[in-house]
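Data first, discussion second: the structure below is written as structure tokens.
A note on names: the letters A, B, ... follow the listed sequences, proteins ahead of strands, and every chain is numbered from 1. Since we're looking at a predicted model, the values are computed, not measured.
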Protein chains: 2
Amino acid sequence: MSITMREVAEHAKVSIKTVSRVVNGEGEISHSTRQRVQHAITQLGYRPNLMARALVTQRSYMIGFLVADICNPFFAEVSRGIQDTAKEHGYHLIIANTDDDGDEELAALNALSARLVDGVIKFNRQTTTPQPPDQQNAPDIPTVYINSTPESLATLAAATQSPITNVSADIYKGARLAVEHLVAKGHRHIGMLAGLAPDVNLMRRRRAYFDVLREHGLPFDESHIVHLLPRLSDAQAAAKQLLLANPQFTALFCYNDVLALGAMHACAELGRKIPSDCAIVGFDDVEYAAAVLPPLTTVRIPKRELGRQAALALIQKMANPAAKINLPLLKTELIVRGST
Amino acid sequence: MSITMREVAEHAKVSIKTVSRVVNGEGEISHSTRQRVQHAITQLGYRPNLMARALVTQRSYMIGFLVADICNPFFAEVSRGIQDTAKEHGYHLIIANTDDDGDEELAALNALSARLVDGVIKFNRQTTTPQPPDQQNAPDIPTVYINSTPESLATLAAATQSPITNVSADIYKGARLAVEHLVAKGHRHIGMLAGLAPDVNLMRRRRAYFDVLREHGLPFDESHIVHLLPRLSDAQAAAKQLLLANPQFTALFCYNDVLALGAMHACAELGRKIPSDCAIVGFDDVEYAAAVLPPLTTVRIPKRELGRQAALALIQKMANPAAKINLPLLKTELIVRGST
DNA sequence: TTGAAAGCGCTAACAA
DNA sequence: TTGTTAGCGCTTTCAA
């Protein structure tokens with residue numbers, strides 16, 4: 001068993017409340033008393049029991065982060081943003097991997113909300129249609145969403161009374177930059193390697209892709225897009241098939257950097273040089289995008305900043321759950337490298 | 001404020017203790033009573049207050065993971081192993097990034113040990129000599145180390161009374177496999193791209209590298225190794241310099257996959273074809289090792305298994321802190337791909 | 001099979 | 001400036 005405040009109080013011959021005051025730096029305390037207490041604390045090696053404190057104050061100073069998979073470098077970066085900001089404000093972070101599974105997510109939410117965390121940050125699930133939180137089971141806890149689409153937010157808003165808080169990067173704009181870059185490079189036949197629908201974030205990229213092509217009077221067609229799970233193993237085969245079916249393509253716009261890598265493999269397999277025979281643009285700018293050969297042109301999402309903004313918003317929201325928090329749409333940016 | 005056990009008890013017209021029994025599935029309870037209680041629980045939406053429970057039981061069912069940077073894909077994978085195992089056993093995981101900084105680490109340890117977590121898993125710091133934990137400040141909390149060297153463990157053991165628990169992969173063996181593979185491929189002049197000394201894990205690779213070359217009567221020399229921070233930006237320049245200084249090299253053994261990527265860039269810059277002009281072997285087998293072009297031959301460390309074993313060991317240790325836990329040295333494995 | 005009372009270690013109100 | 005008292009919501013004796 002460890003040292004309690006009471007023991008410190010006895011040791012320092014003061015009341016327990018005085019110790020509490022010293023520990024929390026509150027109230028006016030005479031210098032000599034404070035010194036005595038401090039001395040007792042260090043001598044006994046006292047450390048406050050956070051569980052007891054949390055029980056009284058109803059605040060655990062922990063927040064939860066629900067994420068599909070922390071191994072995904074994109075999510076890892078966001079988590080660092082959250083974590084660094086949380087730490088600055090005295091919060092700890094509990095990460096729960098959901099593997100993009102609704103039941104896992106609900107289970108995690110339930111576990112965390114049992115007064116364990118003061119709030120939650122979560123991505124909307126990727127591979128399925130967004131569902132309104134099950135009011136029967138899912139607890140009402142201050143929550144900040146990341147990168148949710150207006151549509152899924154509308155669904156959410158309909159299901160809850162309190163205002164929804166969402167932090168997003170400007171995916172549509174980023175996707176436009178990518179496709180416009182390819183057009184500017186003189187490409188007229190551009191294919192797209194896309195994620196599986198319905199993905200809350202795919203739609204924005206699709207729309208941008210179609211919009212830009214249409215605006216430039218370039219050919220576009222549903223058949224110019226191939227949909228797949230964003231996994232490298234599938235990407236290579238899918239990209240190869242797409243290029244074989246559309247030999248006119250001189251460029252590919254990819255849903256994310258992993259798919260872009262798959263496309264690079266496909267080009268290697270087909271003997272197509274990058275970027276001369278086929279230009280490739282990715283999305284996210286994960287760490288290794290700069291490291292592959294040739295380095296990947298991609299759209300950078302400000303991942304840490306996304307996490308930072310989410311954490312800040314959550315801290316506000318935990319202080320005042322009813323507050324309507326307005327957040328800027330974070331800027332995305334085209335990073336031009338060797339693959340275009 | 002949320003529903004308490006007392007309210008459930010009143011609603012179900014039983015004592016608070018009976019509710020507790022139902023919630024925790026303990027003791028014999030008549031079917032009808034249990035039903036009534038269950039009904040009250042779901043109707044009121046009761047969820048136990050974990051802080052209160054932790055206060056009484058002295059167990060928070062949370063564990064901490066101290067890591068340099070969760071964005072490093074190697075650490076992320078280990079964390080998944082920990083997390084999945086922890087979840088199976090009812091534990092949550094708090095991740096603290098230390099950026100390989102001693103003060104950060106101590107601060108995190110102090111914060112977590114204030115009865116917040118029941119135990120901690122940590123990597124030894126990489127870039128500095130291992131230090132004995134400061135007994136004044138660092139709290140004594142069940143701890144499991146990952147991938148510590150015998151030397152650093154000895155230092156630790158001297159400073160603490162309780163037995164040290166450490167989970168390791170067989171780095172030396174893996175490094176041997178890598179260099180032996182290069183030798184078997186006919187390479188006689190093999191350089192090494194190494195991390196910065198003193199790194200607790202570099203030594204094992206160095207020793208393996210020298211041992212294998214010596215055993216085969218191949219030339220080895222301290223000047224055949226270049227030391228640098230394991231960052232891509234530095235790696236390319238360092239590899240280039242090494243290859244220019246030693247034109248006889250036909251193969252490079254790299255400290256990790258990031259450095260290997262840097263070496264690949266250097267080869268591209270020098271117009272050396274991989275693997276015909278220069279073979280490259282990495283270490284770790286991070287996710288993108290298979291994704292680069294050509295795919296990287298590398299030594300796989302069982303990252304998730306490392307995390308899993310660490311979590312299991314910690315769970316044992318938390319149950320019985322004095323227990324001496326014997327753990328197997330986890331097997332490393334050479335994954336041969338296109339870069340050799 | 002069920003219940004009453006005590007207390008985990010802390011903070012919050014109110015006194016002194 | 002300092003102390004006293006009463007809980008926070010739960011589990012743990014012990015008793016019925």
Side-chain angles (χ1 to χ4, degrees), chain A residues 1-41 44-62 90 111-118 139, chain B residues 1-41 44-62 90 111-118 139:
Chain A
M1 214 57 37
S2 44
I3 310 296
T4 72
M5 212 170 232
R6 161 157 284 112
E7 298 174 70
V8 175
E10 282 165 10
H11 194 90
K13 305 212 185 309
V14 295
S15 81
I16 180 173
K17 177 59 199 173
T18 303
V19 179
S20 172
R21 285 203 180 91
V22 172
V23 169
N24 295 295
E26 57 177 39
E28 302 293 299
I29 293 182
S30 78
H31 190 68
S32 68
T33 315
R34 155 165 283 124
Q35 287 244 307
R36 258 209 335 283
V37 174
Q38 289 286 15
H39 184 248
I41 286 176
L44 297 176
Y46 167 77
R47 44 191 63 244
N49 183 323
L50 297 186
M51 293 294 157
R53 179 182 290 169
L55 180 58
V56 177
T57 60
Q58 308 276 20
R59 317 208 69 200
S60 68
Y61 280 92
M62 292 192 284
L112 291 179
S113 67
R115 297 246 147 264
L116 238 191
V117 298
D118 298 334
Chain B
M1 215 58 35
S2 43
I3 310 296
T4 73
M5 214 171 231
R6 160 159 284 114
E7 297 175 70
V8 174
E10 280 164 12
H11 194 90
K13 305 210 185 308
V14 294
S15 81
I16 181 175
K17 177 59 200 173
T18 303
V19 179
S20 172
R21 286 202 181 91
V22 172
V23 169
N24 295 296
E26 58 177 40
E28 302 294 297
I29 294 182
S30 78
H31 190 67
S32 68
T33 314
R34 154 164 283 122
Q35 287 245 306
R36 254 205 342 279
V37 174
Q38 287 287 15
H39 184 247
I41 286 176
L44 297 176
Y46 167 76
R47 45 190 63 246
N49 183 323
L50 297 185
M51 292 295 157
R53 179 181 290 170
L55 180 58
V56 178
T57 60
Q58 308 275 20
R59 317 206 69 200
S60 68
Y61 281 92
M62 293 192 283
L112 291 179
S113 66
R115 298 247 146 262
L116 238 192
V117 298
D118 299 334

Would you tell me if any nitrogen or oxygen in the side chain of B:Ser15 comes within less than 4.0 Å of OP1 or OP2 on C:dT2?
no

Ignoring hydrogens and angles, tell me if any N or O in the side chain of A:Glu10 forms a donor-acceptor pair with the backbone of A:Glu7 under 3.5 Å.
no

Check whether any side-chain heavy atom of B:Arg34 sits under 4.5 Å from a side-chain heavy atom of B:Val37, and report yes or no.
no

B:Arg6 side, atom CZ; B:Ile16 side, atom CD1 - distance, nearest 0.5 Å:
4.5 Å

Going 5' to 3' along nucleotides 10-16 of chain D, which nucleotides have protein heavy atoms under 4.0 Å from the base (write B), which only from the sugar-phosphate (write S), and which from neither (write -)?
BBB----

Given atom CG of B:Leu55 and atom C1' of C:dG7, what is their separation to the nearest angstrom?
9 Å

What residues form a ring-ring contact (aromatic ring centres under 6.0 Å, His included) with B:Tyr61, not counting sequence neighbours?
B:Tyr91

Residue-phosphate contact under 4.0 Å: B:Gln58 side-chain N/O, C:dG9 OP1/OP2:
yes

Nearest-0.5 Å distance, CG of residue B:Leu116 to CZ of residue A:Arg53
10.0 Å

Taking side chain as C-beta onward, heavy atoms only, is B:Val23 less than 4.5 Å from B:Ser20?
no

Atom-pair distance (CD on B:Glu7; P on D:dC8), nearest Å
10 Å

Residue pair B:Val8 / B:His11, side-chain heavy-atom distance below 4.5 Å
no

Atom CD of A:Glu10 and atom P of D:dG3: how far apart are they, to the nearest Å?
13 Å

Axis deviation across the helix from C:dT1-D:dA16 to C:dA16-D:dT1, five-pair ends, to the nearest 10°:
30°

Between OG1 on residue B:Thr57 and CG on residue B:Asp118, distance to nearest 0.5 Å:
8.0 Å

